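Every number for a ligand or one of its atoms is a count from 1 in the order of the listing. These figures come from a predicted structure and were not determined experimentally. Side chains included, hydrogens not; waters and symmetry mates left out as well; all remaining heavy atoms used. Position 1 is the first residue of the sequence; numbering continues from there.
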Amino acid sequence: MDPGYEPSYSPHFVLSFMQKSVLLLLLLVSLSSCDSQVSVENKLDQGMVVSAHPLASEVGRSILLKGGNAFDAAIATNFALAVVYPRAGNLGGGGFATFRLQNGGYGSLDFRERAPKDARRDMYLDSLGEVVPDLSKKGPLSIGVPGTVEGMVQLHKKYGKLSWRDVVAPAIELAEGGHALSPYNAEMLFRYQKEFHEVNEDTILFTAQGWLPGDILYQPALASTLKLIAAEGRDGFYKGITAKYMTESINDRGGILSIRDLKTYEAIWRETVRDSIGEYTIVSMAPPSSGGVAILQLLKSYMMLKPDKLKPNSSEYIHFISEIAKRVYSDRAQYLGDPDFVQVPIDSLISEAYLRKRMAGINLNTNSSSADIEGPQVEVIESHETTHLSVVDENGNCVSLTTTLNSNFGSKLFISEAGFFMNNEMDDFSAKPGTPNQFGLLGAEANAIAPKKRMLSSMSPTIVLKNGQPHFILGTPGGSTIITNVFLNILNLIEHDMSPKEAVDFPRFHHQWLPDVIYLEYKLADSSLISELSLKGHDVEIWNSIGLQEAIYINDSLEVFGVHDETRGEGIALGTKEMNPQP
Ligand code: DON
């Protein structure tokens, strides 16, 4: 063989002294350029993990302490959530991760579920073309092809530092060794007993007497599945016995998930949606999430058009933002869908020229009726159970990851031999697009059901940079409210000079175009505010609480603070050093 064609890994490859010197030089140059990306002065004061469950955050922190990077920690935390937070943490669901690399690059991974190959656009309609209640929400037909495991495998392959087994191991331990149920998780398992029984046979999770706080939940079947995943990677889930258990449990009950659907599932690397506002850069999730586009539409419109002296959470402020939100959510319904099936005009939708035109009809004093805002006139119907985690390591790698089964415990269908719930993500498609609604208008074609298509999402894992440095990593559950929640939190921080804790604690509100209602958190249920909004023509509804931010804040001195939404739910921030107090 001509030595010129000798592969460089050949044991016969011999370097001359000259070649060695050149290589050494190259190595030194490349090391020094790596160093400059992770130089000591650019190191953060600590790594941090924030998630909705203390045991999961603890797993993430232990991985960072073991020398894992933010990706390792995010993956391990996510697997731990599948064990200790079964209403939203999952193996049988999907999600998105947005990340920023220590060298300054960005990226995102779409591990959203997709429709099975046998899905049909009218699969939830009866012979009269009416939507059959609950068919897309509960049980076997509501299930999309799960993406979480493949997502974790891909994230790890590309960016992980520890071994795959190391990052899956803590979840196996939690499933096998058991964990004490928190009060809220015990209540949730108890509250859903009836629906579990409707969809499944009895299993360990569905005892007649229910569960109490402090009860130990052992999950041996889940531990076995996690062991298979640890040993075989994606094949431990998408092939073999786990695939058999999933397809049999689902299809014996009338579902359509095939072995082929599982085998061919792919996670997709996507360009992030990002734009700058002053010194800040917002990096968020692209379609099939509507989050990145909608958050940038909201932020840019607000910044361009804000009237003077707008006081946060005054009636003028809530009215103005609701008017912007109506137009943004109407665009969402009209234009957003799986980019592999429909063309989404991202750049136009977030351009200043378009937004100026789109927002032109806003009157600062009066509600513009949602019915008068051009759009497909379909309601944005989403449920409210998901979970978010944020991680940063000392080198500045950031991962913002949101995952879901959609509803609490997803479809409620539990794969008992494998120990996990399946999602009901098919409900995020519009079940009846193209059919005139009660106003005679056409529905959202962009999000119609099609085989292998991903359903539109609102999940918005987001990273805010300040002068190029990571500044705020955030995300939340909350279905359609995720978008306004992330937007309001960013606005509180970068526009209203609130501290991160004030920004996250601050009472929230939400408008999503249809229904034409402003939702206020109960902390805003003040009679004078409500009557001022009514005078402007708004209907108002009071909600207990909106979302659950799990955020990380990094100040200009590179100190890292965990910002868990402590007034709204369980969860915890854990740093690798002593906890800095919530700022
Ligand atoms: O992808 C979506 O937008 C929904 N399936 C998310 C559901 C959700 O956030 C429920 N959470 N609290």
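Salt bridge status for Asp340 with Arg454: absent, with no side-chain N to carboxylate O gap under 4.0 Å. A salt bridge links Glu425 with Arg112: at least one charged nitrogen is closer than 4.0 Å to a carboxylate oxygen. A salt bridge does not link Glu113 with Lys453: every distance from a Lys NZ or Arg NE/NH1/NH2 to an Asp or Glu carboxylate oxygen is 4.0 Å or more.
The closest side-chain heavy-atom distance from Leu336 to Leu349 is below 4.5 Å.
Distances between N or O atoms of Gly478 and those of ligand 1 include at least one value under 3.5 Å. When only interatomic distances are considered, the shortest N/O to N/O separation between Ile482 and ligand 1 does not fall below 3.5 Å. Residue Thr404 has no nitrogen or oxygen atom sitting less than 3.5 Å from a nitrogen or oxygen atom of ligand 1, judged on distance alone.
In summary, the atoms of ligand 1 found under 4.0 Å from a heavy atom of Pro477, numbered by their order in the structure, are 11 (N), 12 (N). Atoms of ligand 1 lying under 4.0 Å from any heavy atom of Met459, numbered from 1 in the order shown and given with element: 1 (O), 3 (O). Using a 4.0 Å cut-off to heavy atoms of Ser458, the atoms of ligand 1 that qualify are 1 (O), 2 (C), 3 (O).
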Inset, instruction - Under the ring-ring contact (aromatic ring centres under 6.0 Å, His included) rule, what do Phe421 and Phe196 come out as? Steps first, then yes or no, please. - result: CA-CA 10 Å; Phe421 285 97; Phe196 293 159; 5.2 Å; yes
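Of the heavy atoms in Arg112, only side-chain atoms (C-beta onward) come closer than 4.0 Å to ligand 1. Looking at Asp428 against ligand 1, only its side chain comes within 4.0 Å, counting heavy atoms.
Figure legend: cation-pi geometry between Arg332 and Tyr329 absent, as NZ or CZ is not positioned both under 6.0 Å from the six-membered ring centre and within 45° of its axis.
For Tyr159 and Phe99, the distance between ring centers is under 6.0 angstrom.
Within the structure, the closest approach of Met455 to ligand 1 does not fall below 4.0 Å when heavy atoms are considered.
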